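Note sheet for the following structure.
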Amino acid sequence: MAGDGTVARAPSGTHDVLWPESTRWEALVALFADQVERAGYGLAHTPIFEDVRVFRRGIGEGSDVVGKEMYEFEDRGGRMLALRPEGTAPMVRAFVQRRPPLPWKAWYVTPAFRYERPQAGRYRQHHQLGVEAIGPTDADLDVEVVALADGVFRSAGLSDFTLKLNSMGDEVCRPVFIAELQRFLVGRREALCAEHQHRIETNPLRVLDCKREACRAATADAPRFVDHLCDACAAHFDRVRAGLDAVGVPFQADNRLVRGFDYYTRTTFEFTSGALEAAQNGIGGGGRYDGLVEMLGGPATPGIGFGIGIERLLLACDAEGVFPVDPPTLDAFVVDVAGGDVARDVTAVLRQAGLRADRAFDSRSMKSQLKSADRSGARVVVIVGPDEVAAGTVSLRPLRSPGDQQTVPVADVVGAVRDAR
RNA sequence: GUGGCCGUAGCUCAGUUUGGUUAGAGCGCCGGGAUGUGGCCCCGGAGGUCGCGGGUUCGAACCCCGUCGGUCACCCCA
């Protein structure tokens, strides 16, 4: 840090988003807002930190995120808080506390914090766009939510991505399935990779999600959740799949898909980009959480949502060469080599007229100021020199298109810049 | 938390294998060429404790040790 000879830098795993890259973020958020607001979702802001129990209860003590990745801290009042590691639990907490009318459909854009080792596409602070829909148990809501995520990706221009879909059952059939899966896994314990042998007891579902060949082979003939869903869950899952077919959202049923948060029930899904070589190819995911509202102290109320990783999504866009964004350009740049009074006044007048205008400072040379004008991307440069000042005029010179320089009375500068469009 | 690779100008890097006078390039930045006109071109300039600390040596950007940082991968996830 300053004083000890080193330059201050952002904490490991965090990153700055500066202009012009930030305009792409803005554009993505705007695209997302447009998509989901058209479907009746409204923006919600909730605190960036919560009582740590909000996350422990819903996400689960046994999950990696809660177990070893949360940024937890005690505030000066002795409260145990945590920076949000994901977006759903805080939104559901807000629902439980405020109890807005059902169905409650909300969207968010938020940073999320997880203490992990940073690597390509993985950060300690990343950002997510997401929606939550609380109230209906209707499978058609699942279809709507999944289709929204799919639509966001397509609107951004992505085409090389896959939607995987599974059902995690409910409180009726999940315990039954887990027990059966455990019996199967115990018999295969020796064949599993070391890291998953102990998970047979702590989190048997995750063993199915192991990417190692050994585990894959050992669990190839494991019981499948789809075969053990209760009648209600099976019917729900059938309608979700039929609905996705009907609305034209392609998906792959994947009975190994197990997501990292304990609160998921029934429909779970994940989008992966085929354009990202890195292991971090998940660009979005979500699912139903029919027990979460109750876990956080509210009345039993079902819900479903998804989160999309902004950084990952933009990486995928880069990989596919889509979603380019041109930063907004200035209408005019004012160059003043006659003392600066006119630059000060004309720039203000242009801005008040609703035009985008900037100027040079520090009374630098005309060449220098014109270079700044050129770099600014401005359409026209407004030139003010001693001659113009003496005559009460300014000179307008187009920078982006062929055209002659013209001189107009200073009082006409707004109209002249507009005409130069 | 574990492992591989890498730390030289604002950025991207060369130089490290065979230690040897004032550490280089491109881009960017500043100024000039046009005594009032950008982009292209030409000329010049500023800018570096070679991550930090210690060691070996007559001599270290270069070799050795440590440390910090970055990056990639495992795990897990967005």
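Here the structure is a predicted model, which is why all the values come from computation and not from measurement. Residue numbers start from 1 in every chain, and the chains themselves are labelled A, B, ... in the order their sequence lines are given, proteins ahead of strands.
- Remark: rG39(B) base-pairs with no nucleotide in the shown strands. Criterion, Watson-Crick or G-U wobble with two distances under 3.5 Å.
- Pair assignment for rU16(B): none, as no Watson-Crick or G-U wobble contacts are both less than 3.5 Å.
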| field | Base versus backbone protein contacts along nucleotides 30-41 of chain B [heavy-atom cut-off under 4.0 Å; B, S, -] | value | SSBB--BBBB--
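- rG44(B) is paired with rC30(B) under the Watson-Crick or G-U wobble criterion, all donor-acceptor distances under 3.5 Å.
- In this structure Ala106(A) satisfies the side-chain contact (heavy atoms from CB on, under 4.5 Å) test together with Ala44(A), Met91(A), Trp104(A), sequence neighbours excluded.
- Under the salt bridge (Lys or Arg N to Asp or Glu O under 4.0 Å) criterion, Glu72(A) pairs with Arg56(A), not counting sequence neighbours.
- Shown here for Val381(A) and Ala373(A), the closest heavy-atom pair between the two residues is CG2-CB, 3.9 Å.
- Ser372(A) is linked by a side-chain contact (heavy atoms from CB on, under 4.5 Å) to Phe333(A), Arg364(A), Arg375(A), counting only residues two or more places apart in sequence or in another chain.
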Identify every side-chain donor-acceptor pair in residues 345-354 of chain A under 3.5 Å, counting partners at least two apart or on other chains, and give the distances.
residue	atom	partner	partner atom	Å
Thr347(A)	OG1	Ala343(A)	O	2.6
Arg351(A)	NE	Ala357(A)	O	3.0
Arg351(A)	NH2	Ala357(A)	O	3.1

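- Thr268(A) meets the side-chain contact (heavy atoms from CB on, under 4.5 Å) test with Asn166(A), Met168(A), Leu257(A), Arg259(A), Tyr264(A); sequence neighbours excluded.
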Taking distance alone, no hydrogens or angles, what donor-acceptor pairs closer than 3.5 Å link side-chain atoms of residues 404-416 of chain A to residues at least two apart or in another chain?
residue	atom	partner	partner atom	Å
Gln405(A)	OE1	Arg397(A)	NH1	3.3
Thr407(A)	OG1	Ser395(A)	OG	3.2

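- Nucleotide rU49(B): unpaired (no Watson-Crick or G-U wobble partner with both distances less than 3.5 Å).
- Of all nucleotides present, only rC68(B) satisfies the Watson-Crick or G-U wobble test against rG7(B), with each distance under 3.5 Å.
- Gly121(A) comes within contact range of at least one nucleobase, with a heavy-atom separation under 4.0 Å.
- As rounded to the nearest Å, rU49(B) and rG10(B) have P atoms that lie 8 Å from one another.
- For the pair Phe113(A) CZ and rC76(B) C1', the computed distance is 19 Å after rounding to whole Å.
- Under the 30°/60° scheme for interplanar angles, the aromatic rings of Phe306(A) and Phe269(A) are found to stand perpendicular.
- No more than 12 heavy atoms of other residues, nucleotides or ligands shown are found within 6.0 angstrom of OH on Tyr115(A).
- Taking atom C1' in both rU18(B) and rC13(B), the straight-line distance is 23 Å, to the nearest Å.
- Between Asn281(A) and Pro11(A), the residue whose closest nucleotide on RNA chain B is further toward the 5' end is Pro11(A).
- Of all nucleotides listed (rA73(B), rA78(B), rC76(B)), rA73(B) comes nearest to the side chain of Gln119(A).
- rA73(B) atom P lies 13 Å from atom CD of Glu116(A), rounded to whole Å.
- Taking atom CG on Asp16(A) and atom P on rG10(B), their separation rounds to 17 Å, with Å as the unit.
- For the P atoms, the distance from rC63(B) to rC6(B) is 11 Å, rounded to whole Å.
- Atom CG of Leu276(A) and atom P of rA73(B) are 11 Å apart (whole Å).
- Remark: the separation of the P atoms in rG69(B) and rC76(B) is 26 Å, to the nearest Å.
- For Pro386(A), the side-chain contact (heavy atoms from CB on, under 4.5 Å) partners at least two apart in sequence or on another chain are Val337(A), Ala338(A).
- Scanning for ring pair (Phe, Tyr, Trp, His ring centres under 6.0 Å) contacts around Phe32(A) gives Trp107(A), with sequence neighbours left out.
- rC52(B) sits 11 Å from rC62(B) when the P atoms are compared, rounded to a whole Å.
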All N/O contacts under 3.5 Å from nucleotides 44-46 of chain B to the protein, with atom names and distances to one decimal?
none

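- One can place OH of Tyr123(A) at 16 Å from C1' of rC76(B), the figure rounded to the nearest angstrom.
- A distance of about 13 Å separates the C1' atoms of rC64(B) and rG19(B), rounded to the whole Å.
- Applying the salt bridge (charged side-chain N to carboxylate O under 4.0 Å, His left out) test to pairs two or more places apart or on separate chains, those with a residue in residues 308-323 of chain A are Arg24(A)-Asp318(A).
- Note that Arg266(A) lies outside the cation-pi zone of Phe237(A), set by a 6.0 Å cut-off to the ring centre and a 45° limit from the axis.
- Between His127(A) and Trp25(A), the two ring planes are perpendicular [angle over 60°; tilted spans 30° to 60°].
- For the P atoms, the distance linking rA61(B) with rG51(B) amounts to 10 Å, nearest Å.
- Comparing Gly13(A) and Gly307(A), the nucleotide of RNA chain B nearest to each residue sits closer to the 5' end for Gly13(A).
- Within the nucleic acid shown, Ala373(A) has no heavy atom closer than 4.0 Å to any nucleic acid atom.
- Here the separation of rA25(B) from rC50(B), taken at their C1' atoms, is 16 Å to the nearest Å.
- Of the side-chain N and O atoms in Gln128(A), none sit less than 4.0 angstrom from OP1 or OP2 of rA78(B).
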Which pairs, protein N/O on one side and nucleotides 2-5 of chain B N/O on the other, fall under 3.5 Å?
residue	atom	partner	partner atom	Å
rU2(B)	O4	Arg117(A)	NH1	3.1
rG3(B)	O6	Arg117(A)	NH2	3.2

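- Protein atom CG of Asp64(A) is 15 Å distant from nucleotide atom P of rC74(B), rounded to whole Å.
- rG1(B): Watson-Crick or G-U partner is rC74(B), with both key distances under 3.5 Å.
- Residue contacts for Glu311(A): at a heavy-atom cut-off of 4.0 Å it reaches no nucleic acid atom on any strand shown.
- Here rG69(B) presents its C1' atom at 12 Å from CZ of Arg124(A), a figure rounded to the nearest Å.
- Contact annotation: Arg259(A) side-chain N/O to rA78(B) OP1/OP2 distance is under 4.0 Å.
- When the P atom of rA78(B) is taken as reference, atom CD1 of Ile308(A) falls 12 Å away, rounded to whole Å.
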